[in-house]
Amino acid sequence: MVLVAVNPATGERIEEIEETDIGKVQTFYENSRRAFSRWSGLSLDERLGYFRRLKKVMAEAMDEIAKTVSLDTGKVPTDALVSDVMPTIESIEFVLKHAKKSLSPQKVKTPLLLFGKTSCVEYMPRGVVLVISPWNYPLQLAMVPAVSALAGGNTVILKPSEVTPLVGKLIESLFQRAGFPEHVLQVAHGGKEVGSAFVNGKPDYIFFTGSVKTGKIIQKAAAEHLIPTTLELGGKDPFIVFADANLERAAKGAVWAAFTNCGQVCMSAERIFVEKSVFPEFVERLKEETRSLVLGQGEDADIGSMTFPGQKEIVREHVLDALARGAKLETGEHPDRWTEDSLFVKPMVMTNVPLDAKIMKEETFGPVLPVVPFETEEEAVKLANDTEYGLNASVWSNDLERARRVAAKLVSGAVVINDAVISVANPHLPFGGAKNSGIGRYHGKDGLRIFCHEKALVIDRGRLKREVQWYPYKGTYPLFLRLFQSYFGERKNWFAFFQSFLRLMKRN
């Protein structure tokens, strides 16, 4: 079996890549576990040396990487460079700067009742981490969790999307060029059957980015064996514009947030809510900005093609449903006029969209932007939260106090004020969603620690003959009662506390 890499913008067959034989799943795991014993035995400094080489390799091959991503996804080269390549290298830079502090033993306080001891938390790698990544940002969403897991001493099996196999092959090559030890990162090429086989192969941790439907299947399979997971799933992100916002900036931001990567972004603006008093003006601004966008493949184009034919059909279904319910297509083309054998879709702005239309409820993941008016702050919050998703949100207002107040009420993994989407570009911030947008967080120091077991460590020098709580208990109850009451009472009685403590320590 082979995977055929196709340029979605042209339909050109680029390359055939051999699919991983399901019969070799256990061999992958055996190789990973052998590599784990060596890789986890290296010091963190030794592991970071490999990441320095990886960063150097990627910086030197940046143009090659961006163009491969563009070729495999149909997105324009600038989008590939800015939104896929740069954040990946930035995340490696974060690991180089912060992994040592984040993964070193962390000393914590020890309560007075454990006098004489010290306490800390150590981070122990989990083992073999299975990373299953999607096609919309095939480099970033594969490499960032993989690099984070590797930094902690784990080995990784990566199953990239079969829709973008060239990038999966490229990732394999980048790690080889950086000189990583054999089998520390292995790439398994294939579709759903390959992914399912590796999930059932019992990894020590699963990191999945993709649809809610597939995420639930993976979670169910993982639960059978108590395998911990992180699930980064879909979004239906609201974009709220108040009348006092900088409307020119907000309109430009909305168009970029809705149509970057042809709208195939889990954090893209999928629902725009605009205060009623400026609604007509804002819609006109959106239409003007949208009509100025350039579709194409070259470096000067703004929007490329969609990546996956099946996703184009979902967009078609959502648009037709909204139009049938009375929605108005302000820009773009009616789906009946779409070129069937092309994945280029002109970006669409829609108004008069019913709140129960599919395009307002389900993740569209395409270049269409429904715009809905609201009258009050309370209504805006209610509309924004009226979804099963909660990944990202955007609030626009010159009244930052109000913007912060609204942001606090949104059920969302992230909120950006007077900008959109870009919270994911800050590697210091946690990334993840609420509700059906996923389970768990990554990025930041916690994005390194999720791939490790937290081990509590208490250290005593062993110089005393006994501890106060050890046997025998004969005659100790009154002393313990006085000890605890003197310590936990409204006002501490230190004389009674130490007197009781010393008597407990001196007993036979």
Side-chain angles (χ1 to χ4, degrees), residues 211-213 233-243 245 247 250-251 253-255 257-259 263 265-287 290 311 313-332 334-335 347-397 402-403 405-407 409-413 415 420 433-437:
S211 71
V212 174
K213 180 181 178 181
L233 309 178
K236 194 68 184 173
D237 303 332
F239 189 108
I240 302 172
V241 182
F242 287 99
L247 297 184
V255 168
F259 302 136
V265 187
C266 58
M267 302 176 72
S268 66
E270 290 222 352
R271 298 174 298 148
I272 302 280
F273 301 110
V274 182
E275 194 164 359
K276 193 172 184 178
S277 62
V278 295
F279 184 81
E281 177 188 352
F282 194 75
V283 170
E284 289 304 313
R285 288 180 179 273
L286 286 179
K287 290 162 63 175
T290 301
Q311 196 61 44
E313 294 311 306
I314 291 174
V315 176
R316 182 198 304 272
E317 177 188 347
H318 285 194
V319 172
L320 289 176
D321 173 74
L323 292 173
R325 291 167 178 260
K328 179 181 179 182
L329 190 61
E330 300 281 355
T331 64
H334 191 287
M348 294 164 279
V349 175
M350 302 186 78
T351 57
N352 199 35
V353 182
L355 295 177
D356 61 349
K358 289 183 179 181
I359 208 165
M360 295 299 292
K361 294 294 185 182
E362 302 174 16
E363 186 175 34
T364 305
F365 220 63
V368 55
L369 182 56
V371 194
V372 174
F374 69 86
E375 292 189 357
T376 66
E377 179 180 313
E378 292 71 23
E379 183 187 8
V381 171
K382 182 180 179 181
L383 289 169
N385 284 335
D386 185 22
T387 174
E388 65 182 34
Y389 297 100
L391 186 57
N392 205 337
S394 181
V395 181
W396 297 72
S397 173
R402 174 166 63 177
R405 183 172 64 244
V406 170
K409 295 176 183 177
L410 298 178
V411 184
S412 180
V415 181
K435 298 189 280 190
N436 274 2
S437 286

Restricting to non-hydrogen atoms, name the atom on Leu233 and the atom on Ser211 that form the minimum distance, rounded to 0.1 Å.
CD2-O, 3.5 Å
What I'd like to find out is whether the side chain of Thr351 reaches to under 4.5 Å of the side chain of Val353, using heavy atoms alone.
no
Suppose we screen for salt bridge (Lys or Arg N to Asp or Glu O under 4.0 Å). Which residues come up paired with Lys435, at least two apart in sequence or across chains?
none
Can you name the closest pair of heavy atoms from Phe279 and Val372 and give their distance?
CE1-C, 3.7 Å
Does any N or O in the side chain of Asp237 come within less than 3.5 Å of the main-chain N or O of Asn392, such that one atom is a donor and the other an acceptor?
yes
Taking only Lys NZ, Arg NE, NH1 and NH2, and the carboxylate oxygens of Asp or Glu, determine whether Glu379 and Lys382 approach each other closer than 4.0 Å.
no
Could you check if a side-chain atom of Asp386 sits within less than 4.5 angstrom of a side-chain atom of Leu355, using non-hydrogen atoms only?
no
CD1-CG distance between Ile272 and Leu286, expressed to the nearest 0.5 angstrom
6.5 Å
According to ring-ring contact (aromatic ring centres under 6.0 Å, His included), does anything in residues 355-375 pair up with another residue at least two apart or in another chain? List the pairs.
Trp135-Phe365, Phe242-Phe374
Note, Leu391 side chain near Cys266 side chain (heavy atom, < 4.5 Å)
yes
Please check if the side chain of Arg316 supplies one atom and the backbone of Pro335 the other of a donor-acceptor pair under 3.5 Å.
yes
State, yes or no, whether a side-chain contact exists between Leu410 and Val395 at a heavy-atom distance under 4.5 Å.
yes
Salt-bridged, Lys409 to Glu378, with N to O below 4.0 Å?
no
Interatomic distance, Ile359 atom CD1 to Leu323 atom CG [nearest 0.5 angstrom]
8.0 Å
Which residues pass the side-chain contact (heavy atoms from CB on, under 4.5 Å) test with Glu362, not counting sequence neighbours?
His318, Lys358
Note: Pro347 and Thr331 closest approach over all heavy atoms is O-OG1, 3.5 Å
Is any side-chain heavy atom of Glu377 closer than 4.5 Å to a side-chain heavy atom of Arg402?
yes
Give me the atom names and distance for the closest heavy-atom approach of Pro373 to Leu383.
O-CD1, 4.3 Å
Return yes if some donor-acceptor pair links the side-chain N/O of Asn385 with the main-chain N/O of Val411 below 3.5 Å, else return no.
yes
Here the pair of heavy atoms bringing Ala257 nearest to Phe239 is CB-CE1, 4.4 Å
Taking the side chain as every heavy atom from C-beta outward, state whether Met348 and Leu369 have any atom pair closer than 4.5 Å.
no
Ignoring hydrogens and geometry, is there a side-chain-to-backbone donor-acceptor pair from Ser268 to Val265 under 3.5 Å?
yes
So Met360 and Arg271, do their side chains get closer than 4.5 Å, heavy atoms only?
yes
Would you name the heavy atoms of Ala420 and Trp396 that are closest together and state the gap between them?
N-CZ2, 4.3 Å
With a 4.5 Å cut-off on side-chain heavy atoms, are Leu247 and Glu281 touching?
yes
Whether Glu270 side chain and Lys236 backbone form a donor-acceptor pair below 3.5 Å:
no
Please identify each residue that fulfils ring-ring contact (aromatic ring centres under 6.0 Å, His included) with Phe282, with sequence neighbours left out.
none
Not counting sequence neighbours, which residues clear side-chain contact (heavy atoms from CB on, under 4.5 Å) with Glu388? List them please.
Asn436
Which residues pass the side-chain hydrogen bond (donor to acceptor under 3.5 Å, both in side chains) test with Asp321, not counting sequence neighbours?
Arg325
